[in-house]
Amino acid sequence: MKKSPKKIKHHIKQHKKAKVVAKLKHRPKARRAPQPRKQAPRSRPKVKARPEPSAKPSKKVVRIMGMGQFTVDSRTLKRLNGIDDSLVEMVATEKADDAEFKKGMIELSSIVVKHGKPVERGEIVKSDIILPSADLPVDEAKKLFRGEGVIPGA
C-alpha cells in the first residue's frame with residue numbers, strides 16, 4: 001500500500017515533532033545556583049570610637065603580653081610611668097641586674113591588673129601601651145627601654 005505524498009509529509013512532521021519532544025524530555029533540567037543557607041546573624045565585635053587626637057584621653061588601653069588588655073586611668077598611668085622611668089635608668093647602666101629588672105616588670109604588670117579594668121572579650125580595641133612579659137631578659141629590654149621607655153610621658 002502506497003502512501004500519498006500528503007500523508008508522507010504529515011508523517012514526517014509527526015516524526016520531527018516526536019523527536020523534538022523526546023529531546024526535551026531527556027534534556028537535563030537547568031539547575032539553579034545553590035542558594036546560601038540562611039544563618040542567624042553573627043554578632044560582630046564592638047569597635048570603640050577613638051577620641052579626637054587633640055583631646056588628651058584620660059584613660060589608656062594597656063596590653064600585657066600573655067595576659068590581655070586593660071583600661072587604666074591617668075592616676076595609674078602616672079604611677080606606671082614612674083616605674084617605667086626607673087626601669088629605663090636601670091637598663092641604661094652597663095651592669096643592669098636581671099632580678100631587679102624582673103621585679104620592676106612584675107610590679108608594672110601587677111599595678112595594671114590591680115587598678116586597671118579588663119577589656120571585654122571579643123571587643124577589639126587598639127592598645128596605647130604594650131608591656132612585655134615579666135620574664136623579658138635585660139639584654140632584650142635594652143632594645144625596648146630607650147628614651148621614654150615603653151610608657152610615653154603622661
Side-chain angles (χ1 to χ4, degrees), residues 15-154:
H15 184 66
K16 284 182 180 178
K17 280 184 183 177
K19 276 187 171 180
V20 170
V21 170
K23 280 184 181 179
L24 290 176
K25 284 184 179 178
H26 295 292
R27 181 186 293 170
K29 292 182 180 178
R31 293 185 180 188
R32 292 191 313 193
Q35 297 294 323
R37 292 182 180 170
K38 291 184 180 179
Q39 295 179 350
R42 294 173 131 178
S43 61
R44 300 190 100 179
K46 298 176 188 174
V47 178
K48 285 191 172 181
R50 303 287 296 178
E52 290 185 27
S54 61
K56 198 169 188 181
S58 61
K59 294 187 178 190
K60 297 258 184 184
V61 177
V62 179
R63 174 180 294 281
I64 302 173
M65 298 304 287
M67 293 183 74
Q69 290 179 307
F70 299 85
T71 305
V72 295
D73 60 6
S74 58
R75 183 182 301 163
T76 306
L77 196 59
K78 284 180 184 177
R79 198 167 159 198
L80 292 172
N81 196 26
I83 298 168
D84 181 53
D85 290 343
S86 67
L87 288 174
V88 169
E89 288 176 20
M90 184 187 310
V91 170
T93 63
E94 287 293 318
K95 296 181 180 179
D97 184 19
D98 266 330
E100 281 295 314
F101 178 75
K102 188 171 185 174
K103 184 179 173 186
M105 289 300 297
I106 291 171
E107 187 177 2
L108 273 177
S109 298
S110 65
I111 289 172
V112 171
V113 172
K114 185 177 179 183
H115 298 285
K117 179 186 172 201
V119 174
E120 292 181 31
R121 274 185 181 242
E123 190 173 353
I124 300 172
V125 182
K126 182 182 175 193
S127 299
D128 298 307
I129 300 166
I130 300 174
L131 293 180
S133 61
D135 59 349
L136 181 74
V138 174
D139 297 334
E140 293 286 321
K142 287 182 181 185
K143 297 173 188 172
L144 294 173
F145 288 82
R146 289 189 179 165
E148 291 187 353
V150 292
I151 300 174

Nearest-0.5 Å distance, [atom1] of residue [X] to [atom2] of residue [Y]:
| X | Y | atom1 | atom2 | answer |
| --- | --- | --- | --- | --- |
| Asp73 | Lys60 | CG | NZ | 13.0 Å |
| Thr71 | Glu120 | OG1 | CD | 10.0 Å |
| Phe70 | Leu131 | CZ | CG | 10.0 Å |

Exercise. Which pair of heavy atoms, one from Gln69 and one from Glu123, lies closest together, and at what distance?
Worked result: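 Scanning both residues completely, I find the closest heavy atoms to be OE1-O, 4.4 Å.
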
Problem set entry | Listed partners of Glu89 passing side-chain contact (heavy atoms from CB on, under 4.5 Å), at least two apart |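 So Glu89 forms no side-chain contact (heavy atoms from CB on, under 4.5 Å) with any residue.
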
Problem set entry | Given Val61, Asn81, Leu77, Leu80, the one that forms side-chain contact (heavy atoms from CB on, under 4.5 Å) with Ile129 |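 The passing option is Leu77.
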
Exercise. With sequence neighbours excluded, what pairs up with Asp135 under the side chain to side chain donor-acceptor pair (under 3.5 Å) test?
Worked result: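 Asp135 satisfies side chain to side chain donor-acceptor pair (under 3.5 Å) with Ser133 once adjacent residues are dropped.
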
Please tabulate, for the side chains in residues 106-119, all donor-acceptor contacts under 3.5 angstrom to protein atoms that are two or more places apart in sequence or on a different chain.
unit_1: Ser109; atom_1: OG; unit_2: Met105; atom_2: O; d: 3.2
unit_1: Ser110; atom_1: OG; unit_2: Ile106; atom_2: O; d: 3.2
unit_1: Ser110; atom_1: OG; unit_2: Glu107; atom_2: O; d: 3.0
unit_1: His115; atom_1: NE2; unit_2: Arg79; atom_2: NH1; d: 3.2

